[in-house]
Amino acid sequence: MGMLTLEPGEFVSEHYHPYSEEFLCLVRGELTVLVDGTPVRLGPGEALHIPIEVRHRVENTGDAQAMVVFHLSPLAPRPDLGHVDTEPLPGPAEPSLNVGETT
């Protein structure tokens, strides 16, 4: 379980969890979550369940900071097995991505 804050335009790149389902609960702000490519809009107080192995991308599409509480369960056998990126990240010569921070 943790909290994620995203500034306007920040995102968590597309990924999936091979061992865990994920629950997102938006505390404040606006989000668009792409779930297997389908956009799902969330407002404050709304929640979303993402099943195991479903690709998803989380983006702050609002004009204020978004705060999300998330929970993953069951956990992967090792942390390095819990998250599989499916969106290419920029190379060293490309501009960096504007991604959020988790706490």
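Since we're looking at a predicted model, the values are computed, not measured.
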**Message:** Restricting to ring-ring contact (aromatic ring centres under 6.0 Å, His included), what partner residues turn up for His15, sequence neighbours left out?
**Reply:** His17, His56, His83
**Prompt:** Hey, what else clusters with Leu81 if you join Ile, Leu, Val, Met, Phe, Trp, Tyr whenever side-chain heavy atoms sit under 4.5 Å?
**Reply:** Tyr19
**Message:** Please report the interatomic distance CG(Leu4) to CZ(Phe70), rounded to the nearest 0.5 Å.
**Reply:** 6.5 Å
**Prompt:** With hydrophobic residues grouped by side-chain heavy-atom distances under 4.5 Å, do Val35 and Ile52 end up in a single group?
**Reply:** no
**Message:** Would you say that more than 12 heavy atoms from the other residues, nucleotides or ligands in this model lie under 6.0 Å from the CG of Asp85, or not?
**Reply:** yes
**Request:** Enumerate the residue pairs fulfilling ring-ring contact (aromatic ring centres under 6.0 Å, His included) with a member in residues 21-54, sequence neighbours excluded, ordered by first and then second residue.
**Result:** Phe23-His49
**Item:** For Arg28, all residues meeting side chain to side chain donor-acceptor pair (under 3.5 Å), sequence neighbours excluded
**Value:** Gln65
**Partners passing side-chain contact (heavy atoms from CB on, under 4.5 Å) against Pro44 (at least two apart in sequence or in another chain)** = none
**Message:** Using the side-chain contact (heavy atoms from CB on, under 4.5 Å) criterion, which residues pair with Val84? Sequence neighbours excluded.
**Reply:** Tyr16, Pro18
I'd like a table of donor-acceptor pairs (distance under 3.5 Å, sequence neighbours excluded) in which one partner is a side-chain atom from residues 72-79, with atom names and distances.
from, atom 1, to, atom 2, distance (Å)
Arg78, NE, Asp80, OD1, 2.9
Arg78, NH2, Asp80, OD2, 2.8

**Message:** So, using side-chain contact (heavy atoms from CB on, under 4.5 Å) as the criterion, who are the partners of Glu30 when residues are at least two apart?
**Reply:** Arg41
**Prompt:** So, the side chain of Thr86 versus the backbone of Glu14: is there a donor-acceptor pair under 3.5 Å, distance only?
**Reply:** yes
**Request:** Without swapping roles, check the side chain of Asn60 against the backbone of Gly62 for a donor-acceptor pair under 3.5 Å.
**Result:** yes
**Asked** How far does CG of Leu24 sit from CG of Leu31, to the nearest 0.5 angstrom?
**Response** 7.5 Å
**Prompt:** Which heavy atom in Leu26 sits nearest to a heavy atom in Leu42, and how many Å separate them?
**Reply:** CD2-O, 3.3 Å
**Message:** Run the side-chain contact (heavy atoms from CB on, under 4.5 Å) test against Val27 and tell me which residues pass, sequence neighbours left out.
**Reply:** Met67, Val69
**Message:** Return the CG to CG distance between Asp36 and Leu34, rounded to the nearest 0.5 Å.
**Reply:** 10.0 Å
**Message:** Test of understanding: with side chain to side chain donor-acceptor pair (under 3.5 Å), list the residues that count as partners of Glu59, not counting sequence neighbours.
**Reply:** Arg57
**Complete:** Glu22 meets the salt bridge (Lys or Arg N to Asp or Glu O under 4.0 Å) criterion, sequence neighbours left out, with none
